[in-house]
Amino acid sequence: MNVLPYTPESYQLMHDGAITLARVESNGIRIDTEYLRKTARRLTRRIDHLSQKIQESEVVQTWKTKFKGRFNLNSLDQLGAVLFEEMGFESDQRTATGKHKTDEDSLSRINHPFIQDYLKIKTLNKTLNTYVLGIRREVVNGLIHPFFNLHLVTTFRSSSDSPNFQNIPVRDPIIGKLIRQAFIPRSGHRLVEADFSGIEVSVAACYHKDPRMMEYLEDKTKDMHRDMAMQCYMLPLEELTPTKGDKEDTKRCKNIRYCGKNAFVFPEFYGSYYPDRARELWNYISSMDLKKRDGTSLLVHLREQGIRELGDLDPTQKPRRGTMELHIQQVEKDFWEKRFPIYDAWKKKWVKAYIQDGFMRMLTGFICQGYLKRNEIINYAVQGSAFHCLLWSLIRLQRKLDKHRMKALIIGQIHDSIVSDVPDEELNDFLELSREVMVDDLKDAWDWIITPINIEAEVTPVDGNWFQKAEMTIG
DNA sequence: GCCCACCGCGCG
DNA sequence: AAAGCGCGCGGTGGGC
């Protein structure tokens, strides 16, 4: 049986959302085109220089001999053939269609000086082509006008294109700085980014209502990501509690916590399982240089705890003793059976109901149907409703800005955050309005939100740029 | 010259 | 029993 994919209230949200986002698109985002021009030149020079350098490498020599006139440094197919068929490097990693994988993870296992330079060139090319040139191409009268679509995504989230404003680099500080310096406020303004903290975790909790998760969300002294990082890396709490005023140590703790969050907690929520978790947690130790306060690598620390190697990661074999694989298998079991059994039970119940009914209804009234995999059934409801919290807030914020005849402009949206271009003199009012809408009004409007909602705001200096955003506490 | 599948990678 | 969710974009390589 087919069901209308929306209820009247969810239809209204899409309708109001489309109208408000049209205004956001029309406002546009100011771009420093002169900076982009210079950056393009600099990047091009660096790429040329590095490309020159690797010409001497035996890999390129072999490559040219094999492919002659067809030689193309950007061809990953050719690179795979050179490395794995010609030069005899081992790889058991294959793509869905059976080709050798040539992503960063696979390539970095190859011990050859060429690889580092090649990966560097790849990153610089991506930065230049997708971001510097891609953004500059879209500038009209000093502004870009990214589209924010509401009709494309299966989960009823939004997407953005031309250019995509939802994937601007930020995780790599060097690349993030390079690109974000091009995003600037209008004269006398600041850029303000207001985002929900952990909205997907909160929304998920509104579905499953696991009491242990509720404790984590309600008690600000508790920290799930930190706790899981402790358990995964077998560290005492003390090792994850930064020494006050010590910036270096704060960063060390932050990095370990980051790995707990992004290599264990979120992937587990999305449906990953222990072999992949063990591998990523293990790789992060070297790539992020994770260490204890006294400077010993977590690899050494784990060895002292009896974990000497990663393991075979073969799902048909039982993990061996003394491996990270076995340890993380146990952490995973504890995670779902002991820590969050109610969450676990909800997942099973939710999937069973979907298979029985043929559709699911989100807390925001949107309806998903069709042939979905287990992980999709679990994740769609959470991802969609989390975004609807943002969309509802964006609509409401625009109404309040209009009502108060403010000059602040909403210029973009990134799934759980709102980006605005705000005159300096309106800053305090704007931040207060944002808090009012995203925290108070939202909870008043939707009584299914049974968890605390928190937001953070990051603000740039007047006439600064997006890279200079810094956190501002607004409750 | 255009279209498409695939791969890889940027973000939440 | 299965085993990471959602996007957009750039490049290659093949087909028309």
Side-chain angles (χ1 to χ4, degrees), chain A residues 67 70 72-81 93-107 119 122-135 137-138 146-172 175-176 178-180 193 195-201 203-204 261-280 313-316 329 332 336 347-348 351 355 368 372-384 386-387 390 412-417:
Chain A
F67 285 95
R70 279 173 51 230
N72 180 351
L73 207 54
N74 290 327
S75 170
L76 292 169
D77 279 2
Q78 290 184 12
L79 177 63
Q93 306 272 97
R94 290 289 194 283
T95 69
T97 52
K99 289 197 268 195
H100 292 285
K101 275 191 84 87
T102 49
D103 59 356
E104 185 184 350
D105 186 61
S106 306
L107 292 180
L119 289 174
K122 224 148 92 64
T123 305
L124 294 174
N125 266 325
K126 168 119 185 162
T127 307
L128 174 65
N129 295 327
T130 305
Y131 297 107
V132 178
L133 300 180
I135 291 167
R137 194 160 55 229
E138 298 288 347
F147 291 108
F148 293 99
N149 315 295
L150 287 178
H151 62 294
L152 295 177
V153 182
T154 329
T155 60
F156 301 100
R157 242 199 195 181
S158 68
S159 75
S160 168
D161 66 272
S162 309
N164 183 352
F165 185 62
Q166 295 176 325
N167 72 345
I168 307 299
V170 65
R171 295 175 194 170
D172 178 323
I175 308 293
L178 206 69
I179 301 304
R180 284 175 181 244
E193 186 169 353
D195 63 300
F196 287 115
S197 351
I199 190 71
E200 281 207 20
V201 176
V203 167
K261 173 180 170 183
N262 292 303
F264 187 82
V265 176
F266 277 125
E268 284 292 336
F269 286 168
Y270 291 151
S272 184
Y273 82 134
Y274 71 87
D276 291 334
R277 291 312 95 225
R279 183 173 46 76
E280 200 175 358
L313 308 182
D314 178 352
T316 65
Q329 182 188 40
E332 181 178 74
W336 290 114
K347 294 201 293 186
K348 295 191 173 101
V351 171
I355 290 168
C368 290
L372 300 185
K373 295 181 194 133
R374 174 185 174 277
N375 288 336
E376 293 170 338
I377 299 168
I378 295 162
N379 291 323
Y380 282 16
V382 176
Q383 186 183 102
F387 169 67
L390 191 281
Q413 158 270 126
I414 314 173
H415 307 303
D416 66 353
S417 73

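The sequence lines fix the lettering, A, B, ..., with proteins before strands; numbering per chain opens at 1. This one's a predicted model, so the numbers in the text were calculated from it and none came from an experiment.
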Inset, instruction - Would you check, one step at a time, whether the test salt bridge (Lys or Arg N to Asp or Glu O under 4.0 Å) holds for A:Lys261 with A:Glu268? - result: CA-CA 10 Å; A:Lys261 173 180 170 183; A:Glu268 284 292 336; over 6 Å; no
Hey, does [X] reach any base, or is it just sugar-phosphate, or nothing, if we go heavy atoms under 4.0 Å?
X        : answer
A:Thr154 : sugar-phosphate
A:Ile378 : nothing
A:Glu280 : base
A:Asn72  : sugar-phosphate
A:Tyr380 : sugar-phosphate

Whole angstrom is fine here: how far is it from [atom1] in [X] over to [atom2] in [N]?
X        : N      : atom1 : atom2 : answer
A:Ile135 : C:dC9  : CD1   : P     : 12 Å
A:Asp161 : C:dG6  : CG    : C1'   : 15 Å
A:Leu128 : C:dG11 : CG    : C1'   : 13 Å
A:Phe67  : C:dG13 : CZ    : C1'   : 12 Å

Partners of [X] by side chain to side chain contact (heavy atoms under 4.5 Å, CB included), sequence neighbours excluded?
X        : answer
A:Asp103 : A:Lys101, A:Asp105, A:Ser106
A:Lys99  : A:Asp77, A:Thr95, A:Thr97
A:Thr316 : A:Asp314
A:Leu152 : A:Asn149, A:Ser159

Legend entry - A:Ser159, nearest nucleotide to its side chain (from C:dG4, C:dG8, C:dG11):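 Between C:dG4, C:dG8, C:dG11, the one nearest the side chain of A:Ser159 would be C:dG8.
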Legend entry - Residue mapping more 5' on DNA chain C - nearest nucleotide basis, A:Glu376 or A:Tyr274: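 Here A:Tyr274 is the residue nearer the 5' end.
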Inset, instruction - Name the residue closer to the 5' end of DNA chain C, choosing between A:Leu152 and A:Ser272 according to the nucleotide with the nearest heavy atom. - result: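 The answer here is A:Ser272.
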Inset, instruction - Return no unless some side-chain N or O of A:Ser75 is found under 4.0 Å from OP1 or OP2 of C:dG13. - result: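 Yes, because at least one side-chain N or O of A:Ser75 sits under 4.0 Å from OP1 or OP2 of C:dG13.
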Legend entry - Below 4.0 Å: OP1/OP2 of C:dC9 and any side-chain N or O of A:Asn129: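 Indeed not, no polar side-chain atom of A:Asn129 lies that close.
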Inset, instruction - Return yes if a side-chain donor-acceptor contact under 3.5 Å exists between A:Gln166 and A:Ser158, otherwise no. - result: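 Side-chain D/A pair, A:Gln166 to A:Ser158: present.
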Inset, instruction - Compute whether any side-chain donor of one residue and acceptor of the other, for A:Ser162 and A:Glu138, lie under 3.5 angstrom apart. - result: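 There is no such pair (donor and acceptor under 3.5 Å, judged by atom type) between the side chains of A:Ser162 and A:Glu138.
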Inset, instruction - Give a yes or no on whether a donor-acceptor pair under 3.5 Å exists between the nucleobase atoms of C:dG4, that is its base, and the side chain of A:Arg277. - result: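 Check passes, donor-acceptor contact within cut-off.
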Inset, instruction - State the dot-bracket string of DNA chain C. Criteria: Watson-Crick or G-U wobble, both atom distances under 3.5 angstrom; notation: ( ) intrastrand, [ ] crossing earlier pairs, | interstrand, . unpaired. - result: ....||||||||||||
Legend entry - Heavy-atom donor-acceptor pair, A:Gln78 side chain to A:Arg70 backbone, under 3.5 Å: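 Confirmed, A:Gln78 side chain pairs with A:Arg70 backbone.
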Legend entry - Short side-chain to backbone donor-acceptor contact, A:Arg180 and A:Pro169, under 3.5 Å: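 Checking the backbone N and O of A:Pro169 against the side chain of A:Arg180, a donor-acceptor pair under 3.5 Å is found.
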Legend entry - Letter per nucleotide, 5' to 3', of nucleotides 5-12 of chain B [B base touched, S only sugar-phosphate touched, - untouched; heavy atoms, 4.0 Å]: -SSBBBBB
